[in-house]
Amino acid sequence: MKDEYVAKNLVLSLDSAFIRKEPLGLVLIIAPWNYPVHLILVPLVGALAAGNCVVLKPSELSKGTEKVLAEVLPRYLDQSCFAVVLGGPQETGQLLEHKFDHIFFTGSPRVGRIVMAAAAKHLTPVTLELGGKNPCYVDDDCDPQTVANRVAFFRYFNSGQTCVAPDYVLCSPDTQERLLPALQSAITRFYGDDPQSCPSLGRIISDKHFQRLRGLLGCGRVAIGGQSDESERYIAPTVLVDVQETEPVMQEEIFGPILPIMNVRSLDEAIDFINRREKPLALYAFSNSNQVVTQMLDRTSSGIFGGNQGFTHLSLPSLPLGGVGNSGMGRYHGKFSFDTFSHHRACLLSPSGLEKLYEFLYPPYTDLRQQLIGWALGSHSCTLL
Amino acid sequence: MDPYADTLRRLREAFSTGRTRPAEFRAAQLMGLRCFLQENKQLLQEALAQDLHKSVFEAEVSELIICQNEVDLALQKLHTWMKDEYVAKNLVLSLDSAFIRKEPLGLVLIIAPWNYPVHLILVPLVGALAAGNCVVLKPSELSKGTEKVLAEVLPRYLDQSCFAVVLGGPQETGQLLEHKFDHIFFTGSPRVGRIVMAAAAKHLTPVTLELGGKNPCYVDDDCDPQTVANRVAFFRYFNSGQTCVAPDYVLCSPDTQERLLPALQSAITRFYGDDPQSCPSLGRIISDKHFQRLRGLLGCGRVAIGGQSDESERYIAPTVLVDVQETEPVMQEEIFGPILPIMNVRSLDEAIDFINRREKPLALYAFSNSNQVVTQMLDRTSSGIFGGNQGFTHLSLPSLPLGGVGNSGMGRYHGKFSFDTFSHHRACLLSPSGLEKLYEFLYPPYTDLRQQLIGWALGSHSCTLL
């Protein structure tokens with residue numbers, strides 16, 4: 001919250017120059033269903049710390065959490081400055097007709113556009129944490145079991161319903177051959193021979209999403225998994241191969257426990273493939289070679305990047321989480337949340353007297369005085385920033 | 001027919017080759033911009049004189065020197081700004097490399113207005129180039145002299161495969177906005193700001209909107225009227241009032257108004273002479289349309305000082321209006337001219353209420369001998385920027401961000417803030433490809449003990465100091 005004092009130039013050396021952090025006013029946080037506690041409360045922390053009044057709109061799909069947030073959370077906060085509102089898409093649309101001082105939205109790019117268009121009517125700034133198809137490049141120079149462990153862990157976590165999970169793998173046919181048994185081994189070790197009975201494996205949020213995912217199982221060829229159980233909304237940890245770029249599983253964000261593998265013949269081809277598509281929220285590269293990881297990092301763009309790593313970023317509040325391009329705008333976590341929900345007001349306080357000094361700046365100007373003023377404002381007179 | 005498609009495609013292709021990324025390329029572009037400013041000083045001064053009757057002094061101080069400073073700062077700091085920023089880690093990630101990588105966004109669009117037509121297009125350009133983007137500039141068609149120099153001379157100093165100037169009016173700008181950009185930087189009115197943001201929403205393009213508002217100027221009873229009058233007059237009539245951060249109206253008690261009026265007249269006479277119309281330091285109104293608009297505002301309240309106008313020169317005298325009603329046009333729209341209305345309030349509290357009932361302005365000024373009064377005004381209001389006993393000298397300090405809030409805009413720039421505006425801050429985590437035995441600790445299935453240990457390792461008590 002502290003005022004941040006900044007470097008000054010000669011003309012302003014007697015002034016007080018600082019940045020004041022101010023609350024924006026009334027802010028709206030719209031959260032999704034996949035991490036329904038995390039994705040509503042972490043932004044809330046920033047909004048409260050920044051001194052705002054807050055409206056939370058939890059997802060109506062995660063009904064259990066919605067209930068706790070609506071009924072229990074308000075008892076712990078000052079209800080004159082905080083409210084939880086409920087509803088589906090229609091109600092959210094009505095909510096968005098109102099003016100807010102910031103809207104923080106986590107969800108799909110399609111709805112992100114709707115939120116931003118609504119915000120534009122009121123000139124409301126937005127933070128949009130969206131999604132995308134997060135590529136996972138696996139280099140020939142790698143240990144397949146290590147890679148399989150890491151990719152499987154981050155892909156099947158929360159049954160794949162994670163905006164930063166690896167969405168698809170890019171690797172050569174040779175590496176695919178080595179990866180498949182390693183992935184099967186990882187899946188068996190993590191979830192047992194009958195994953196459906198494993199307590200560590202999640203379920204799909206709704207029938208609609210379950211049907212959508214079951215449809216994707218028809219793309220390419222099932223190499224691992226592929227089972228599903230409608231009564232439990234269960235989809236087995238699945239790997240698909242022989243997938244075409246035009247098939248639905250390579251067109252939409254999967255958001256489920258299905259991992260397609262696309263073949264590329266080289267790092268360059270992988271980079272081209274990635275760069276032809278929308279910027280994703282996360283991008284992963286697995287290789288024993290630092291050079292390969294660095295190339296992937298240097299020649300692509302994404303919200304976040306993991307080398308030989310999944311999305312453990314999210315445990316570090318010192319790293320911002322935010323998208324770029326189609327995957328979003330703005331960022332949060334830690335201080336970044338506070339800054340997102342604050343206005344940084346540039347302040348300059350001058351002495352009310354000492355007018356003789358200021359008179360130097362007023363018209364009419366002699367040539368000499370013009371030159372002196374020019375010099376005083378020039379960059380050579382600035383103190384080190 | 002879409003006049004922009006080819007240009008934009010060419011620029012995007014150039015970006016995808018990676019040309020603009022290396023520091024050497026960016027520095028070369030910034031050097032080119034520096035040469036442009038140095039070699040065409042006179043040309044630019046003439047253009048500004050043609051467009052706004054801008055005096056050499058104003059052109060130097062509010063346009064050219066500021067641009068020069070920004071270029072110099074960017075050249076000096078480029079490597080520092082581009083550097084990966086390493087961040088603090090927790091126990092789980094202690095063997096990893098965690099940093100923020102600054103990346104160019106891609107193809108960015110800068111739409112500039114006519115009032116500071118050099119400054120408000122080139123200062124954003126510095127940030128866009130330093131951040132490694134390909135840039136499209138759209139200067140204002142109202143400031144034709146400057147538009148010509150930017151379109152015909154500036155490109156010679158930059159790599160034209162990565163840079164373009166496009167021309168046109170509102171209709172052409174609308175066409176331009178149908179295209180996808182990776183960032184749109186717009187300076188102009190809130191009305192058009194909404195249009196820009198709505199267009200950007202279709203492509204999920206982030207925007208920086210530097211808009212306007214009616215900037216209140218509170219003058220306390222405890223002040224020296226002549227000092228205040230000097231400062232307020234200087235910042236109000238600079239560029240003939242056509243400044244988004246100029247004091248728009250004064251709030252003071254009737255007593256203070258009585259003391260201010262002769263002081264304002266004295267300041268105006270000292271600055272601009274007995275016949276301001278013949279003073280070289282005073283600018284002119286940009287266009288007939290704006291001149292007519294301003295002349296209409298002269299009918300509000302009562303003219304206490306000035307009030308003269310000359311259509312043939314688009315000249316409006318430095319004017320002060322009193323007995324103004326809140327409902328009159330001069331208190332409803334951003335004035336953007338050399339007219340200063342004074343509204344009476346009976347106390348600081350009334351002034352603060354008045355201000356807070358209205359849209360958040362881009363700038364807010366408070367003049368008082370009492371620090372307490374200035375602090376109260378600062379603490380109990382909000383605005384893009386704030387000046388205590390001061391005008392908008394902020395703009396000479398690149399270490400202070402310039403940006404609005406609420407109706408006055410979103411985002412900010414100047415100095416490093418420009419670089420950050422035009423960059424993506426990509427959070428990166430690089431782990432060792434081996435040491436799998438350590439990572440196995442994190443995989444399912446979990447014993448109760450292992451769950452507890454993982455929870456502990458991720459918890460905040462295990463974090464190193466941030």
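Residue numbers start from 1 in every chain, and the chains themselves are labelled A, B, ... in the order their sequence lines are given, proteins ahead of strands. Since the structure is predicted, the reported quantities are computational estimates derived from the model, not experimental observations. Heavy-atom basis, side chains included; hydrogens, waters and symmetry copies ignored.
Using a 4.5 Å cut-off between heavy atoms, A:Thr300 contacts chain B through both its backbone and its side chain. Using a 4.5 Å cut-off between heavy atoms, A:Gln371 makes no contact with chain B at all. Heavy atoms of A:Leu130 lying under 4.5 Å from chain B belong exclusively to its side chain. Residue contact with chain A, scored on non-hydrogen atoms closer than 4.5 Å, is absent for B:Leu402. When heavy atoms are compared at a cutoff of 4.5 Å, A:Asn275 does not approach chain B at all. With a 4.5 angstrom heavy-atom cutoff, A:Phe18 touches chain B via backbone and side-chain atoms both. Contacts of A:Ala119 with chain B are made by both backbone and side-chain atoms, with heavy-atom separations under 4.5 Å. Neither the backbone nor the side chain of A:Arg369 comes within less than 4.5 Å of any heavy atom in chain B. Looking at B:Lys360, only its side chain comes within 4.5 Å of chain A, counting heavy atoms on both sides. Contact of A:Ser16 with chain B is not made at all, since no heavy-atom distance falls under 4.5 Å. Looking at A:Glu22, the atoms closer than 4.5 Å to chain B (heavy atoms on both sides) all sit in the side chain, from C-beta outward. Looking at A:Ser200, the atoms closer than 4.5 Å to chain B (heavy atoms on both sides) all sit in the side chain, from C-beta outward. For a residue to count as touching a neighbouring chain, one of its non-hydrogen atoms must lie under 4.5 Å from one of that chain's; by this rule B:Glu58 does not touch chain A. With a threshold of 4.5 angstrom between heavy atoms, A:Tyr362 approaches chain B through its backbone and through its side chain. Proximity to chain B is absent for every atom of A:Ser327, based on heavy atoms less than 4.5 angstrom apart. Of the two parts of A:Lys99, only the side chain, counted from C-beta on, holds a non-hydrogen atom closer than 4.5 Å to a non-hydrogen atom of chain B. Heavy-atom distances place both the backbone and the side chain of A:Asp298 under 4.5 Å from chain B.
Here the side chain of A:Lys8 pairs no donor or acceptor atom with the backbone of B:Ser399 at under 3.5 angstrom. The backbone N or O of B:Ser431 sits nowhere less than 3.5 Å from a side-chain atom of A:Gln309 that would complete a donor-acceptor pair. Judged purely by atom type and a 3.5 angstrom limit, A:His343 uses its side chain to pair as donor or acceptor with the backbone of B:Ser383.
When all heavy atoms are compared, the tightest approach of A:Ser315 to B:Leu93 is OG-CD1, 3.8 Å. When every heavy atom of B:Leu378 is checked against every heavy atom of A:Cys347, the shortest pair comes out as CD1-SG, 3.6 Å. Nearest heavy atoms, A:Ala17 versus B:Leu397: CB-CD1, 3.9 Å. Scanning all heavy atoms of the two residues, the minimum distance from B:Ser433 to A:Ser287 falls at CB-O, 3.5 Å. Of all the heavy atoms in B:Asn389 and A:Pro351, the pair that sits closest is CB-O, 4.0 Å. The nearest pair of heavy atoms linking A:Arg345 to B:Leu364 is NH2-CD1, 3.8 Å.
Considering only heavy-atom pairs separated by less than 4.5 Å from chain B, the leading option among A:Asn288, A:Ile19, A:Leu349, A:Asn149 is A:Asn149. Contact tally against chain A (heavy-atom pairs below 4.5 Å) for B:Gly388, B:Gly273, B:Ala427: the top residue is B:Ala427. Of the listed residues A:Val126, A:Asp143, A:Val324, A:Asp101, the one with more heavy-atom pairs under 4.5 angstrom with chain B than any other is A:Val324. Ranked by heavy-atom pairs under 4.5 Å with chain B, the list A:Thr124, A:Val293, A:Leu128 is led by A:Thr124. The candidate from B:Lys416, B:Glu440, B:Arg270 with the greatest count of non-hydrogen atom pairs under 4.5 Å with chain A is B:Arg270.
Every side chain to side chain contact (heavy atoms under 4.5 Å, CB included) that A:Arg331 has, sequence neighbours left out, goes to A:Pro320, A:Phe336, B:His425.
Taking OH of A:Tyr358 as the reference point, atom CZ of B:Arg231 lies at 5.0 Å (rounded to 0.5 Å). Taken from CG in B:Leu435 to OG1 in A:Thr146, the straight-line distance is 9.5 Å, to the nearest 0.5 Å. Distance CG/A:Leu348 to CD1/B:Ile385: 8.5 Å, rounded to 0.5 Å. To the nearest 0.5 Å, atom CG of residue A:Leu361 and atom CZ of residue B:Phe57 are 6.5 Å apart.
Among the residues in residues 109-117 of chain A, those with a non-hydrogen atom closer than 4.5 angstrom to a non-hydrogen atom of chain B are A:Pro109, A:Gly112, A:Arg113, A:Met116, A:Ala117.
For the pair A:Phe190 and B:Pro445, the minimum side-chain heavy-atom distance is 4.5 Å or more.
In the displayed structure, A:Asn290 atom CG is contacted under 6.0 Å by at most 12 heavy atoms of other residues, nucleotides or ligands.
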